[in-house]
Number of protein chains: 2
Amino acid sequence: MGARNGPYTCGVDAAVDVIGGKWKVLLLWALAEQPRRFGELRRELPKISEKVLSQQLRELEADAIVHREVYAQIPPKVEYSLTDLGTSLNEALSPLGAWGRAHMAHLEATYPQRHPA
Amino acid sequence: MGARNGPYTCGVDAAVDVIGGKWKVLLLWALAEQPRRFGELRRELPKISEKVLSQQLRELEADAIVHREVYAQIPPKVEYSLTDLGTSLNEALSPLGAWGRAHMAHLEATYPQRHPA
DNA sequence: CGGTATCCTCGCTGATACTG
DNA sequence: CAGTATCAGCGAGGATACCG
């Protein structure tokens, strides 16, 4: 998804590219609530594999949406949280969330057309 | 993209699923400006294939984001425009667009991490 | 002009196994 | 606990050709 030729044509395009990963908005949502550890996130998104979770977190980290805090201790502890940029992204997302909630029923009905069997 | 298990976990998730197609936000953008014919859209998004353009338009149509008006004449003429729902989606998207524009430079720099060579 | 019909590729996603 | 490595599958997206 995202960029077509030279990145990017417009702002929405750029933003969607950042949050377009299959689990990213869910991660944003979880982290907005409170910082989480790797294992906590895995438990909250039960269907995600470790590899993909790690991958998406790193992409969000590269985009400075998520901060990764490593505690030098045994057993290891790593905590993920939203940066200021991440928080601002979440705020920019809120009208979209409201729109989605308002039309959720309709969108679930049209879901089959977007994801044919 | 989009729904994981049972659609949908939250509103943003649902919305992103609708606009997550590779070209959809660009189409929304173009149609918000003014209604367009098939060929006009193709010329504005030069890298899109006819098949995919048609596909994405039909998905947006199924979601009642886009209206498809067929004129019974020769040569054929079909005009695509935003519905009220589509317009409301575009409005809900505008903070995200502002966010994207504001951080575009940063996002282009981090682009390689999201789309490794 | 405005599409379908095929075929194909690429890379995202996932399952499993292993490590510091 | 928090990952990395490796391999495999699948499906959206794309190229090309053809049709009303």
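In what follows, chains carry the letters A, B, and so on, assigned in the order in which the sequence lines appear, proteins first and then strands, with residues in each chain numbered from 1. Predicted, not measured: the structure shown is a model, and the values here were computed from it.
What separates CG of A/L53 from C1' of D/dG3 is a distance of 10 Å, to the nearest Å. If you measure from atom NZ of B/K77 to atom P of C/dG3, you get 13 Å, rounded to the nearest angstrom. Atom CG in A/L26 sits about 13 Å away from atom P in C/dT13, given to the nearest Å. In this entry the distance linking CD of A/Q113 with C1' of D/dA12 reads 17 Å, nearest Å. Distance OH (A/Y71) to P (C/dG20): 25 Å, rounded to an integer number of Å. A straight line from CG of A/L57 to P of D/dG3 spans 8 Å, rounded to a whole angstrom.
The nearest pair of heavy atoms linking A/A14 to B/L107 is CB-CD1, 3.9 Å. Closest non-hydrogen pair, B/L82 versus B/A32, comes out as CD1-CA, 3.7 Å. When all heavy atoms of A/L26 and B/C10 are compared, the pair lying nearest together is CD1-SG, 4.2 Å.
Every residue meeting the salt bridge (Lys or Arg N to Asp or Glu O under 4.0 Å) condition with A/E50, not counting sequence neighbours, appears here in chain and number order: A/R42. Residues passing the salt bridge (Lys or Arg N to Asp or Glu O under 4.0 Å) test with A/R37: none are found, sequence neighbours excluded. Scored by the side-chain contact (heavy atoms from CB on, under 4.5 Å) test, B/E61 finds B/R58, B/R68 as partners (sequence neighbours excluded). Judged as a side-chain hydrogen bond (donor to acceptor under 3.5 Å, both in side chains), and not counting sequence neighbours, A/Q56 has no contacts. Every side-chain hydrogen bond (donor to acceptor under 3.5 Å, both in side chains) that A/E44 has, sequence neighbours left out, goes to A/R36.
Each of B/Q113, B/E108, B/R114, B/H106 was checked for a side-chain hydrogen bond (donor to acceptor under 3.5 Å, both in side chains) with B/T110, and the lone residue meeting it is B/R114.
Both B/R43 and B/R58 lie near DNA chain C, and the one whose nearest nucleotide falls closer to the 5' end is B/R43.
Only B/R37, B/F38, B/G39, listed by number, bring a heavy atom of residues 29-42 of chain B to less than 4.0 angstrom from any atom of DNA chain C. Within a heavy-atom distance below 4.0 Å of DNA chain D, no residue of residues 59-70 of chain B is found.
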In residues 90-105 of chain B, what donor-acceptor pairs under 3.5 Å come from side-chain atoms, sequence neighbours left out?
| unit_1 | atom_1 | unit_2 | atom_2 | d |
| --- | --- | --- | --- | --- |
| B/N90 | ND2 | B/L28 | O | 3.4 |
| B/W99 | NE1 | A/S88 | OG | 2.8 |

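As judged by a 4.0 angstrom heavy-atom cut-off over every strand, B/Y80 is placed among residues touching the sugar-phosphate backbone only. Nucleic acid contact for B/Q56: sugar-phosphate only, since backbone atoms but no base atoms lie under 4.0 Å from a heavy atom of the residue.
Pairs engaging residues 72-89 of chain A under the salt bridge (charged side-chain N to carboxylate O under 4.0 Å, His left out) rule: none recorded [sequence neighbours left out]. For residues 55-89 of chain B, there are no ring-ring contact (aromatic ring centres under 6.0 Å, His included) pairs, not counting sequence neighbours.
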Check: protein-nucleotides 14-17 of chain D nitrogen or oxygen pairs below 3.5 Å:
| unit_1 | atom_1 | unit_2 | atom_2 | d |
| --- | --- | --- | --- | --- |
| D/dG14 | OP1 | B/K22 | NZ | 2.6 |
| D/dG14 | OP2 | B/W23 | NE1 | 2.9 |
| D/dG14 | N7 | B/K51 | NZ | 2.9 |
| D/dG14 | O6 | B/K51 | NZ | 2.2 |

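Between B/R114 and C/dC12 there is no side-chain polar atom (N or O) within less than 4.0 angstrom of OP1 or OP2. Here B/S54 does not reach the OP1 or OP2 of C/dG2: none of its side-chain N or O atoms lies under 4.0 Å away. Side-chain nitrogen and oxygen atoms of A/Q55 include none within less than 4.0 Å of the OP1 or OP2 phosphate oxygen of D/dG3.
Comparing the helix axis at one end of the helix from C/dC1-D/dG20 to C/dG20-D/dC1 with that at the other, each defined from 5 consecutive pairs, gives an inter-axis angle of 50° (nearest 10°).
Residue B/V78 has its side chain nearest to C/dG3 when only C/dG3, D/dG3, D/dA2 are considered.
Side-chain contact check for A/H115 and B/D17: at least one donor-acceptor pair (N or O, by modelled atom type) lies under 3.5 Å.
Checked by atom type and distance alone, the side chain of A/T83 pairs as donor or acceptor with a backbone atom of A/I65 at under 3.5 Å.
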